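Just so you know, these numbers use all the heavy atoms, side chains as well, and skip hydrogens, waters and symmetry mates. As the structure is a prediction and not an experimental result, all values here were calculated from the model. A, B, ... follow the sequence lines: proteins, then strands. Residue 1 opens every chain.
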Amino acid sequence: MMASIEAPARSRSSSAVKRAFERYPFLPALIILVVLIALNGWFQPRSVSLVGMTGQIKTYLALMLLAVAQTYVIYAGDIDLSAGAIVSLVNVVIVGVMGQWGGDGVTIFVALAIGLATGLVCGIVNGLVVAALRLQAIVATFATSIFFTGLALYIQPVAGTPAPTAFWRTYGGRIFEIPFVFYMAVLFAILLVVLVRTRLSLRLLAVGDGQQEAFQSGLPVTRIRMGGYALCGVFAALAAFCITGDTASGDPLVGGKMTLFSIAAVVLGGSALAGGYGTVVGSVIGALIIGFINSLVFFVGTPSEWQNLVQGAAILLALMTGVLVGRRARA
Amino acid sequence: MSRLQLKGVAKSYGATKALRHADLDIGAGEVHVLMGSNGSGKSTLSKIVAGSVRPDTGEIVLDGKPVTISGPQAARALGIAIFYQELSLAAHRTVAENICLADLPSRGAFVDRKALEARAAKYAALFEGVTGEGFSLDAVVQDLRADQRQLVEIMKTLAGEASVLIFDEATSALDRAQVERFFEILRDLKREGRSIIFISHRMDEIFAIGDRATVIRDGEIVGTRQIADTTPAEIISLMVGAQEEAAAPADAAPARAGAASVLLVRNLSGAGFSDVSFEVRAGEILGFGGLHGQGQSAVLRALFGANPPASGHVELGGKPLRPNNPRETIQQRVAYVSGDRSRDGVVTGRPILENVMPIHYLRERMVLANPSALAAKALPALQALRTKFAGLGHPISSLSGGNQQKVVIARWLIDRPAVLLLDDPTKGIDLSAKTDLFTLIRKLAAEGMGIVLYASEDAELLDNADRILVFNGGSVRRELTGAERTRFNLYQAAYEAA
Amino acid sequence: MSTVTTFLRQPLVVALILIAALLWLGETLSPGFASGQQILRLLIVAALLGIVAAGQNLVILGGREGIDLSVGGVVSLSAIIAGNLMAGENGGISLAILACILTGAFFGLINGIGVTLLRIPPLVMTLGMLGVLQGLLVVVRQGIPSGRAAPALADFVSRDFLLGLPGILWLWVAIGLVMAFLLSRTVFGHRIYAIGSNEQAAFMAGVPVKVIRIALFVLSGVFAAIAGICLLGYSGSSFANVGEQYMLASIIAVVFGGTPLSGGKGGYTGTMAGAFLLVILQSILTTVNIDESGRQMVFGATLLVLMLFYGRGRSMRA
Amino acid sequence: QDFKIGLSNGWVGSEWRTQMIDEAKAAAEAWKEKGVNVTVEVQSANVDVPGQIAHVRNFISAGVDAIIINPNSPTAFDPVFAQAKEAGILVIATDAEVSSPDALYVGIDQKAWGAAGAEWLARTLDGKGNVVAINGVAGHPANEMRVAGYKEVFARHPDIKVVNEVNANWDQAQGQQAMQNLLATYPDINGVWVQDGMAAGAWKSIMDAGKAGSIAATGEIRKDFIDLWTKDKLNSGASVNPPGVMASALNVAVLMLQGKELKEPAEAGQYKNAMYLPIPFIDSSNLEEAARQVEGKPGYYSYTSALSISDAEALFK
Ligand SMILES: Nc1ncnc2c1ncn2[C@@H]1O[C@H](COP(=O)(O)OP(=O)(O)OP(=O)(O)O)[C@@H](O)[C@H]1O
Ligand SMILES: Nc1ncnc2c1ncn2[C@@H]1O[C@H](COP(=O)(O)OP(=O)(O)OP(=O)(O)O)[C@@H](O)[C@H]1O
Ligand SMILES: O[C@@H]1[C@@H](O)[C@H](O)OC[C@H]1O
Ligand SMILES: [Mg+2]
Ligand SMILES: [Mg+2]
């Protein structure tokens with residue numbers, strides 16, 4: 001009962017656990033993910049076969065990328081409610097450009113470059129209104145999301161323009177017997193590893209820990225936050241590429257619903273919404289958790305009218321577990 | 001040869017004139033002390049030089065050339081570094097990252113981790129031996145103690161390799177050994193010809209390290225003295241001005257052996273302290289002393305229920321007390337004043353009235369809040385402390401730090417508590433406010449209240465406590481009563497096992 | 001001079017000026033827009049939003065990133081429950097109101113518990129709850145026929161009630177008065193501001209932080225439920241996701257009313273004006289004859305411009 | 001014979017969709033009498049396009065024989081339908097056409113549906129007057145086809161002027177608000193072209209404004225509205241997209257799984273893969289009959305029709 005303060009408060013092993021959770025805040029999410037994959041496999045063995053997994057990655061790669069996009073702004077304590085609208089806009093832009101210029105190999109790359117630029121510009125616009133004009137991020141990016149959606153509707157008033165066959169056949173196909181999306185996943189992983197080491201990542205996190213403090217320390221806070229939004233725009237564009245590859249068409253509304261899921265994924269991954277703390281890997285895991293919850297709900301045979309409720313409840317439960325376990329472990 | 005000159009620098013926040021007209025001259029290789037009571041404008045002046053506050057008028061001359069300091073980044077480029085009174089650390093980043101944050105060693109767009117570690121290590125090494133347990137380059141700042149964080153902020157300031165360094169109350173949380181080491185570093189810097197602006201409320205520090213002292217009162221520079229040619233008394237009279245003499249510290253009253261026991265604590269243990277026992281009698285001021293973070297605050301917070309104790313026995317006026325949370329202890333007539341007013345005390349942006357009333361709301365279980373009825377309660381409490389304010393409806397943030405603290409203390413005076421727990425209540429408070437406060441405390445004690453006072457400043461403790469419990473490593477190591485209450489005994493007990 | 005500028009800087013004043021300007025613009029673009037009848041109808045629509053925004057306002061005032069994204073779900077659910085319980089009969093009104101308020105309070109309570117006891121960030125908790133509510137709507141709607149508003153409720157919302165104004169406007173005014181009183185003249189109100197401004201200090205001064213915050217979420221659920229009942233009265237019958245449009249709109253109304261999302265300051269009077277402002281803006285956009293893409297671009301850009309009058313954060317350099 | 005059929009619905013915002021699923025399930029049940037065991041697996045949830053693609057992938061993993069989908073996009077499923085076909089799965093879309101050459105469309109022609117309402121309106125207004133349109137979700141293909149339908153018709157009537165077109169997102173309350181705003185700014189309109197559930201909202205505003213006598217507006221097919229229409233003698237006409245379309249598609253699917261061949265290959269529509277079902281129309285002439293069909297049903301029940309098994313068999317060789 002009477003704890004002596006001379007003795008270390010925590011045993012060595014529990015402080016090792018604490019350190020692990022501190023270094024890898026996505027650990028709780030990883031555990032949830034592994035359990036979910038196991039359950040998917042249990043209820044529908046084919047879902048964890050190569051084909052099943054390829055399908056799952058194809059479907060959720062875009063959400064993974066968008067969750068990563070969202071992570072960079074959340075690092076700095078900001079948020080981007082327009083991320084999904086950027087996906088839609090880039091989607092119609094690249095489909096439009098490919099359609100316009102024929103859709104062979106070269107024009108596809110040109111279109112993708114234009115798409116990246118579009119995402120970047122959208123991100124910079126968000127950065128300008130949030131960081132430079134100092135509008136509140138939630139409302140300001142909601143406003144830009146309406147604007148971007150309007151622009152997408154202007155470019156392509158109705159869903160359905162097809163993307164060139166070469167483009168989606170490549171995305172959905174195989175190279176050397178290995179599905180193309182796996183190469184994408186590997187590239188994506190490399191990109192993340194590289195970005196973790198950048199100054200921008202560290203400085204975004206520092207800004208997230210306290211804008212005023214960061215400013216007083218001499219950091220160019222406005223520029224850093226704009227950098228976060230710009231990066232978000234670029235990753236949203238990458239997400240749009242994946243959506244386009246998987247849907248083979250342009251749709252001015254395609255990304256709209258992804259925004260809130262991208263935020264949920266970031267939190268599932270163990271990052272702090274308040275900024276200053278988190279990892280992009282966690283966000284990727286968070287996106288996968290959402291995906292595997294959705295498929296598991298079907299594979300266990302949930303009656304259709306209950307599917308939305310069970311999904312919603314499971315995601316809420318995962319969010320709560322993640323937040324609680326993470327905090328417990330780090331405390 | 002002057003390094004930095006301020007000419008007619010002024011700054012207002014709305015109606016508040018934070019700095020009226022500052023002329024200042026700092027030489028190379030000089031430690032220039034800035035003295036002044038709370039709200040006199042020291043931090044404002046510092047921040048203007050450091051670029052984080054925009055002056056309304058005035059000129060800044062650096063090495064003979066007039067400069068425009070457009071922001072903190074520009075200040076750094078000009079060779080100005082600052083230790084912020086409220087710190088400027090990123091809580092989730094490591095010590096090393098914080099030290100180098102402003103100027104990350106990098107290769108292209110990437111952080112050069114090796115260089116970063118090396119650079120941080122260089123500055124951390126300066127404090128080797130006094131950083132305390134749990135401090136390391138890869139420790140996360142959030143896990144550090146207050147004094148360790150201040151050390152990180154100091155290292156971060158040093159890492160600016162600036163020619164002008166400003167330390168705005170950089171020693172307020174440091175213990176003696178840490179201060180000693182810091183002063184050695186300052187002396188080295190001085191020898192290298194750097195210019196240092198040093199701000200502190202501790203007279204002994206000022207005389208230990210300063211070359212010249214400038215006193216600032218109500219935003220105006222009232223005089224500069226060579227430290228060697230002046231006395232504390234002169235500095236104080238400059239600070240206080242002609243109209244008011246600093247009152248002498250209250251005399252310690254003898255402990256009243258026969259008085260009733262107000263607070264009885266037996267074998268109390270909890271996070272940061274263990275097996276603490278003591279008794280406070282009516283009319284007594286019991287002092288807690290010792291080095292920083294030896295459990296004094298933790299015991300007080302535990303008694304208040306803010307961090308409930310793990311085990312032990314507490315009696316209040318003869319009845320057992322279970323300090324589960326502040327809400328319950330307040331209702332049992334326990335009061336607690338924290339020195340960290342911005343964290344624990346002030347409800348920022350709200351009117352002064354609302355900042356005085358919360359305890360009364362709770363004690364009286366009120367539902368409706370009628371402003372005029374409340375004002376009648378609030379005014380006497382504020383006046384008892386000689387609080388300076390324009391109106392009860394004004395936001396508390398319009399007051400200076402010291403007056404904000406008085407508002408926070410006033411909330412405990414409406415419904416008298418049985419026990420008053422003071423957790424370094426004068427941190428960052430000016431001398432005349434201190435005097436007012438201790439006069440009042442003595443009066444409250446005389447009226448039968450039991451008071452526990454933890455003060456980080458030795459003089460404050462020696463002057464005001466009837467009895468002193470010296471803490472070390474979370475337990476009481478020695479009790480000093482009567483004539484034992486000397487600085488020597490206090491130091492000896494404090495350093496015993498450390 | 002400076003008092004004039006201070007006056008003009010008040011969010012409420014800004015909102016009122018913008019309202020006048022937009023009404024003038026609307027009248028110019030399409031004559032008849034600012035007629036008495038039309039303004040009355042717009043006020044009814046604004047009242048629906050304003051009632052949701054009352055709860056949103058409280059949650060935001062309470063700080064700690066307070067926000068309630070689940071209000072839209074509660075509005076929808078409440079409209080459906082009310083419709084089914086009254087099934088077009090006046091007799092069912094009181095039961096329906098009771099059931100809806102309890103439902104709103106229940107979901108608010110869960111949100112509050114999640115946010116305070118489990119310490120889930122409000123945005124996350126209420127976002128998750130939104131997902132649950134949307135799922136629940138599907139379940140509920142498949143099980144029970146969606147009902148119809150009682151005639152008395154429909155009249156209350158759109159017919160004359162007193163002095164030429166429909167009941168819902170009186171209700172809104174009453175809510176406005178209660179909110180003003182609550183926030184400025186009660187201990188509860190002062191405590192809301194206290195936890196919103198400095199939670200730690202409030203805790204140390206004996207404010208029951210968790211109880212207050214839970215109460216705010218409960219109130220938010222209750223206000224959303226009341227809005228759901230009124231919405232049923234407005235549209236006559238209930239249907240899916242009626243409340244969806246209120247989620248972000250209620251937040252914008254609060255921000256336009258001068259309550260920053262960081263909490264601790266602001267009030268409801270401004271929010272009422274903010275709600276009306278937003279409704280006028282949307283309505284002008286429906287009446288001008290341009291493509292939907294153009295409407296959305298203009299809407300988004302206008303929101304941004306309007307925000308420049310309000311939500312701008314402080315410069316980091318004082 | 002045993003067939004496993006997956007039903008995917010990506011939007012559960014209206015009772016119409018619920019009824020669509022229910023009728024399809026009932027149709028599967030009906031095959032029992034014929035000794036054919038048709039089991040359905042349903043994924044019906046609010047999802048976005050990627051979410052519905054996940055539905056299809058889940059069906060592939062579950063090894064179904066056929067997929068019937070009410071798709072959230074016309075083109076986005078091309079790749080995943082190709083994958084389904086590779087796995088030997090029959091894919092039929094209903095309610096909204098899809099571009100995939102690997103799928104078949106069984107449902108109504110949405111453009112003709114939109115045109116039918118417009119024809120009625122033009123006839124009722126004697127070919128002249130001011131008209132407003134209240135549309136669903138901008139950019140949604142079904143909406144755009146319907147819009148194309150009415151535009152074509154109104155273009156043929158030079159004296160009919162479409163003074164404004166707005167979007168109310170297939171939301172009844174938004175439809176009501178939009179109508180209210182339109183009535184305020186265009187006090188002289190004669191006709192309203194409005195779709196689905198929004199029609200009930202629009203009519204509420206028209207009635208609130210006391211203009212039910214002077215305005216003709218398209219209506220909808222839920223019992224609640226049909227009752228109101230009958231009671232208040234509204235000047236309305238509704239073209240019917242029956243929720244039974246999925247049941248029709250299911251019957252076609254089972255016959256195809258049995259290896260039967262269509263008499264006339266499905267080659268209609270812009271994607272040349274459609275088999276169009278008839279579009280019933282309700283107006284004052286047959287309102288009573290429609291009311292009789294929905295009598296005793298709950299208020300949200302939509303007037304419906306579907307290909308019975310024998311109707312469907314008649315289409316096959
Ligand atoms: N950001 C601000 N907004 C409004 N008033 C301010 C601000 N910063 C400082 N003030 C006011 O300016 C005056 C000078 O404050 P300053 O912080 O410079 O005092 P100080 O001498 O550093 O006091 P202390 O010893 O308490 O640190 C005070 O009245 C204070 O309330
Ligand atoms: N032990 C404590 N010491 C000081 N402040 C505290 C303490 N516990 C809580 N607080 C402050 O008061 C706020 C509300 O306290 P409360 O206990 O109601 O919520 P909490 O943060 O969930 O704490 P806990 O983890 O103890 O449940 C906290 O967020 C914190 O700012
Ligand atoms: O007719 C509509 C149908 O086409 C749509 O897909 O679902 C809702 C119905 O109201
Ligand atoms: Mg200061
Ligand atoms: Mg607690």
Side-chain angles (χ1 to χ4, degrees), chain A residues 40 44-49 51-52 54-56 58-60 62-63 84 88 95 149-150 152-153 156-163 165 168-169 171-172 242-243 245-258 261 291 294-295 297-299 301-309 311, chain D residues 6-10 12 17-18 21-22 24-25 40-63 71-83 86-87 96-100 137-145 147-148 167 270-271:
Chain A
N40 268 272
Q44 179 49 263
R46 249 181 294 187
S47 73
V48 292
S49 66
V51 177
T54 311
Q56 199 76 354
K58 261 188 218 160
T59 312
Y60 291 102
L63 185 59
S88 304
V95 170
T149 306
L153 277 168
Q156 188 180 313
V158 56
T161 310
T165 316
W168 64 266
R169 284 251 187 259
Y171 185 83
C242 296
I243 286 268
D246 204 32
T247 63
S249 59
D251 177 346
L253 308 173
V254 70
K257 283 195 181 147
M258 290 171 72
F261 283 117
N294 289 346
S295 53
V297 166
F298 170 65
F299 292 135
T302 314
S304 70
E305 62 270 30
W306 292 87
Q307 283 166 4
N308 269 116
L309 179 59
Q311 274 163 13
Chain D
L7 307 181
S8 165
N9 171 38
V12 278
R17 295 289 181 113
T18 310
I21 299 283
D22 287 346
K25 283 187 193 161
V40 290
E41 295 201 7
V42 185
Q43 294 186 88
S44 174
N46 279 315
V47 286
D48 52 5
V49 170
Q52 204 174 15
I53 291 178
H55 280 183
V56 177
R57 294 210 165 106
N58 288 339
F59 282 139
I60 298 175
S61 283
N72 284 353
S73 158
T75 44
F77 295 93
D78 285 16
V80 76
F81 286 169
Q83 228 179 296
E86 261 176 57
E97 295 181 40
V98 291
S99 59
S100 169
V137 175
H140 192 284
N143 179 66
E144 301 304 327
M145 285 184 74
V147 169
N167 290 81
Q270 54 175 321
Y271 304 119

* Would you say D:E41's side chain and A:F298's backbone share a donor-acceptor pair under 3.5 angstrom? -> no
Which residue out of [options] racks up the most heavy-atom pairs below 4.5 Å with chain D?
options	value
A:G256, A:A62, A:S295	A:S295
A:V297, A:T149, A:L153, A:D246	A:D246
A:V51, A:T161, A:L253	A:L253
A:Q311, A:R169, A:K58, A:M258	A:K58

Considering all heavy atoms of both residues, which atom of [X] and which atom of [Y] are nearest to each other, and what is their separation?
X	Y	result
A:R46	D:I60	NH1-O, 4.4 Å
D:P79	A:G245	CG-O, 4.3 Å
A:S304	D:K25	OG-NZ, 4.5 Å

Going from [atom1] on [X] to [atom2] on [Y], what distance comes out if it is rounded to the nearest 0.5 angstrom?
X	Y	atom1	atom2	result
A:I243	D:D48	CD1	CG	7.0 Å
D:N46	A:Q307	CG	CD	11.0 Å
D:H55	A:T59	NE2	OG1	11.0 Å

* Asked: Under a 4.5 Å cut-off applied to non-hydrogen side-chain atoms, are A:S249 and D:D78 in contact?
  -> no
* Taking the side chain as C-beta and beyond, is there a heavy-atom pair between D:S61 and A:F299 under 4.5 Å? -> yes
* Please check if atom OH in A:Y60 has more than 12 non-hydrogen atoms from other residues, nucleotides or ligands closer than 6.0 Å. => yes
* Structure fact -> So, the part of D:P50 with a heavy atom under 4.5 Å from chain A: the answer is both
* Asked: Is it the side chain or the backbone of D:V137 that comes within 4.5 Å of chain A heavy atoms, both, or neither?
  -> side chain
